[in-house]
Participant: 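Next up is a structure, given as structure tokens.
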2 protein chains.
Amino acid sequence: MKNKNLFGTCPYFTAQKILVGKWSLLILHYLDGEVLRFKQLERLLAPIAQTTLTKQLRGLEEHGLIERKVYTQIPPRVEYSLTQVGREFKPVLEKLELWGEIYIKYLENKNKT
Amino acid sequence: MKNKNLFGTCPYFTAQKILVGKWSLLILHYLDGEVLRFKQLERLLAPIAQTTLTKQLRGLEEHGLIERKVYTQIPPRVEYSLTQVGREFKPVLEKLELWGEIYIKYLENKNKT
DNA sequence: CGGCATCCTTCTAGATACTG
DNA sequence: CAGTATCTAGAAGGATGCCG
């Protein structure tokens, strides 16, 4: 990892490293207060590729934001949920959602003119 | 752009598209309430590459979050500042900074054990 | 169902050199 | 000072096929 000096020191830089990936915000949003299986996430995030979802989930798991629970059975059952530090991210998501809506309105107004 | 259907519709997906780039969050943070010249930003974001900074700024400008003001003079002077919709992003940054600090503490505790 | 291995393509940061 | 043009290395998303 480049700029290791900033990671773990600057809050913004650290956050940016966590939020890499096209789907990480959406995953954290859908997992808020929910326990979801792999297939459920895949459907919610369509048209995400299966391999991509796996990689994103592994990344978030390594960073400690989500938890992966495997039930050894046939058919397999794997459940994903937020960890403590993952749940603490919720205020960011809330503000982000508000801003996203503001921005979408901004886009609409821009297209009118 | 892939998934154009989600861009401009889903707040999270839209936000993710805006926040691409390793430096966008930091740039928005430093421009909060400030008007900065290219060189000032470059110093604040060291060790960012000059070309990288240019690209990030162009991206944010195209998305309408920052404004670029050029003074035609020698030596050149270019100032960057937040637009209205860019300033509206501040609540997100505030929550993100809080979470970043929480996460950094989480990392420190994890390394102790 | 929930993966993994493999391969491919695109995207991105960054280095370097040059310009008005 | 504030870029542009060009190139490279690497990462990321994604398609496909196979497996317990």
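Chain A is the first sequence line, chain B the second, and so forth, proteins listed ahead of strands; every chain is numbered from 1. Since the model is a prediction, treat every value here as computed from it, not as a measurement.
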Participant: Where the side chain of Thr52(B) is concerned, which of dA13(C), dG3(D), dA15(D) is the nearest nucleotide?
Facilitator: dA13(C)
Participant: According to a strict under-4.0 Å criterion, is Arg37(B) in side-chain N/O contact with OP1 or OP2 of dA2(D)?
Facilitator: yes
Participant: Measure the CG-CZ distance between Leu31(A) and Arg87(A) for me, rounded to the nearest 0.5 Å.
Facilitator: 11.0 Å
Participant: Closest to the Gln56(A) side chain: dA5(C), dG13(D), dG3(C)?
Facilitator: dG13(D)
Participant: For the pair made of CD1 in Ile27(A) and P in dA12(D), what is the distance, rounded to whole Å?
Facilitator: 14 Å
Participant: Treat each ILVMFWY residue as a node, draw an edge where side-chain heavy atoms are under 4.5 Å apart, and state whether Val20(B) and Leu45(A) are in one component.
Facilitator: no
Participant: Do any side-chain nitrogens or oxygens of Gln50(A) fall under 4.0 Å of OP1 or OP2 in dG14(D)?
Facilitator: no
Participant: Measure from CD1 on Ile48(A) to C1' on dG2(C) and round the result to the nearest Å.
Facilitator: 14 Å
Participant: Quick one: does Lys39(B) reach the base of dG3(D) with a side-chain donor-acceptor pair under 3.5 Å?
Facilitator: no
Participant: To the nearest Å, how far apart are Lys17(B) NZ and dA12(D) C1'?
Facilitator: 12 Å
Participant: Atom CG of Leu45(A) to atom P of dG13(D): distance rounded to whole Å?
Facilitator: 12 Å
Participant: Think Arg68(A) has a side-chain N or O under 4.0 angstrom from the OP1 or OP2 of dG3(C)?
Facilitator: yes
Participant: Between dA13(C), dG14(D), dA15(C), which nucleotide has the shortest distance from any of its atoms to the side chain of Trp23(B)?
Facilitator: dA13(C)
Participant: Nearest-nucleotide wise, let me know which of Ala49(A) and Pro75(A) is further upstream toward the 5' end of DNA chain D.
Facilitator: Ala49(A)
Participant: Please determine if a side-chain N or O atom of Tyr80(B) lies less than 4.0 Å away from the OP1 or OP2 oxygen of dG3(D).
Facilitator: yes
Participant: If only side-chain N and O atoms of Arg77(B) are considered, is one of them under 4.0 Å from the OP1 or OP2 phosphate oxygen of dA2(D)?
Facilitator: no
Participant: Which is more 5' along DNA chain C, the nucleotide nearest Gly21(B) or the one nearest Pro76(B)? Just name the residue.
Facilitator: Gly21(B)
Participant: Between Lys105(A) and Glu108(A) (salt bridge meaning N to carboxylate O under 4.0 Å), is one present in this structure?
Facilitator: no
Participant: If you only use heavy atoms from C-beta on, which nucleotide in dG2(C), dG14(D), dA5(D) is closest to the side chain of Lys55(A)?
Facilitator: dG14(D)
Participant: Mind calculating the distance between CG (Leu41(A)) and C1' (dC1(C)) to the nearest angstrom?
Facilitator: 14 Å
Participant: Is there a side-chain polar atom (N or O) of Lys22(B) under 4.0 Å from OP1 or OP2 of dG14(C)?
Facilitator: yes
Participant: Report the distance from atom CZ of Arg58(A) to atom P of dG13(D), rounded to the nearest whole Å.
Facilitator: 14 Å
